[in-house]
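As a basis for the values below, the full set of heavy atoms in this structure was taken, side chains included, without hydrogen atoms, waters or symmetry mates. Quick caveat: nothing in here was measured; it's all calculated off a predicted structure. Proteins come first, then strands; the chains are lettered A, B, ... in the order of their sequence lines, and each starts at number 1.
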Number of protein chains: 2
Amino acid sequence: MSKQTQTLTVLGQDDQDDAACCPVITAAPLDAEQAAGLAQVFKALGDPVRLRLLSMIASREGGEVCVCELTPAFEVSQPTISHHLKLLRQAGLIDCERRGTWVYYWALPATLDRLAAVLRAPQAATVSA
Amino acid sequence: MSKQTQTLTVLGQDDQDDAACCPVITAAPLDAEQAAGLAQVFKALGDPVRLRLLSMIASREGGEVCVCELTPAFEVSQPTISHHLKLLRQAGLIDCERRGTWVYYWALPATLDRLAAVLRAPQAATVSA
DNA sequence: GTCGTGGATCGAAAAACGTCAACATAGAAG
DNA sequence: CTTCTATGTTGACGTTTTTCGATCCACGAC
């Protein structure tokens with residue numbers, strides 16, 4: 001199931017060095033390559049249906065949501081939901097696994113955190129709990 | 001200059017109550033209205049040129065950048081830059097003012113912070129400096 | 001006033017996007 | 001095997017977006 005189209009890794013999830021790992025918009029101008037990668041992730045968030053899908057998945061207590069729960073929550077067709085889920089997955093925001101008849105999706109919080117870090121102004125310090 | 005098309009206020013910049021002010025993606029599913037407003041702001045970030053423009057403006061020490069500095073930094077035409085700046089302004093991410101011959105843009109960090117808060121997973125606590 | 005420059009606006013063309021109906025695929029149950 | 005259900009994929013269509021050249025407006029200089 002995880003072999004469709006390859007997932008983005010533009011945010012440097014694996015090899016974070018020091019500062020090259022996560023650009024911050026308020027710190028320095030993005031170069032074209034960083035901007036292109038980040039833009040694709042933000043673009044994935046730039047649709048109301050995808051935002052609601054992501055929030056339904058990311059806010060789920062158990063961490064996983066079956067597609068059969070997502071589809072009836074919208075007024076668009078099932079192929080459209082499937083298409084949006086694919087885009088969210090290609091953006092590295094969610095992942096999925098087939099278990100029997102059903103497919104379950106979960107959020108990838110590392111991507112969300114890194115996106116938040118890109119936007120965060122430097123006036124607030126973060127302390128890990 | 002600030003009378004073109006009206007600026008978005010979907011993030012509740014003015015009247016933040018308690019939790020209704022700033023939805024958090026990992027806390028609860030977004031309703032359709034919240035998602036529509038947030039999607040428009042994220043869509044504004046979903047373009048490489050706009051991301052670079054925003055980072056050039058937001059990272060400027062003095063806080064202001066003249067359009068005459070932004071335009072030659074890209075390989076697209078001046079009307080295109082003007083168009084992207086307009087979209088960023090309609091998203092509430094930047095604002096501008098004409099001063100004599102030139103127009104200066106600056107970032108609106110409150111919008112950036114609120115977007116970051118929407119994405120932030122609950123596992124990290126923030127402490128204001 | 002006229003002229004020149006910085007920047008926004010106006011169409012228009014090409015590309016990308018969102019959506020659907022139709023079809024394909026994977027697994028469960030007979 | 002066949003059949004049924006849950007999802008993903010394909011191809012097409014209408015809409016939106018991105019980009020440009022041409023034009024217009026605001027301002028300073030003269």
### Distance, rounded to the nearest Å, where Gln40(A) contributes CD and dC17(C) contributes C1'
13 Å

### Message
Could you tell me how far apart Ile94(B) (CD1) and dA8(C) (C1') are, to the nearest whole angstrom?
### Response
14 Å

### Pairing residues for Ser82(A) by the side-chain hydrogen bond (donor to acceptor under 3.5 Å, both in side chains) criterion, not counting sequence neighbours
none

### Task
Provide, to the nearest angstrom, the distance between the OH atom belonging to Tyr105(B) and the C1' atom belonging to dG7(C).
8 Å

Using a cut-off of under 3.5 Å, enumerate the N/O to N/O pairs linking the protein to nucleotides 15-21 of chain D.
| from | atom 1 | to | atom 2 | distance (Å) |
| --- | --- | --- | --- | --- |
| dT18(D) | OP1 | Arg50(B) | NH2 | 3.0 |
| dT18(D) | OP2 | Arg50(B) | NH1 | 3.3 |
| dT19(D) | OP2 | His84(B) | NE2 | 2.4 |
| dC20(D) | OP2 | Ser77(B) | N | 2.7 |
| dC20(D) | OP2 | Ser77(B) | OG | 2.9 |
| dC20(D) | OP2 | Thr80(B) | OG1 | 2.7 |

#### Entry: Residues forming a side-chain contact (heavy atoms from CB on, under 4.5 Å) with Thr101(B), sequence neighbours excluded
none

### Query
Do the side-chain N or O atoms of Ser82(B) get closer than 4.0 angstrom to the phosphate oxygens (OP1, OP2) of dA8(C)?
yes

#### Entry: Rounded distance (Å) that lies between atom P of dC17(C) and atom CG of Leu88(A)
14 Å

### Message
To the closest 0.5 Å, what do you measure between CG (Leu54(A)) and CD1 (Ile25(B))?
### Response
4.5 Å

### Message
If you only use heavy atoms from C-beta on, which nucleotide in dG7(C), dT7(D), dG8(D) is closest to the side chain of Trp102(B)?
### Response
dG7(C)

### Task
Give me the one residue out of Asp95(B), Thr111(B), Ile94(B) that meets side-chain contact (heavy atoms from CB on, under 4.5 Å) with Leu88(B).
Ile94(B)

### Summary
When rounded to whole Å, the CZ to P distance for the pair Arg99(B) and dA26(D) reads 19 Å

#### Entry: Rounded distance (Å) that lies between atom P of dG27(C) and atom CD of Glu97(A)
12 Å

### Query
What are the two closest non-hydrogen atoms of Ala39(B) and Pro48(A), and how far apart are they?
CB-N, 3.5 Å

### Shortest side-chain distance from Arg98(A), nucleotide among dG7(C), dA26(C), dT9(D)
dA26(C)

### Task
Give the intermediate values and the outcome of side-chain contact (heavy atoms from CB on, under 4.5 Å) for residues Trp102(A) and Cys68(A).
CA-CA 8 Å; Trp102(A) 293 278; Cys68(A) 59; 3.7 Å; yes

### Query
Rounded to the nearest 0.5 Å, what separation is found between the CZ atom of Arg52(A) and the CD1 atom of Ile81(A)?
8.5 Å

#### Entry: Tyr104(A) OH - dT7(D) P separation (whole Å)
8 Å

### Summary
note: Gln90(A), atom CD; dT9(D), atom C1'; distance rounded to Å ~ 13 Å

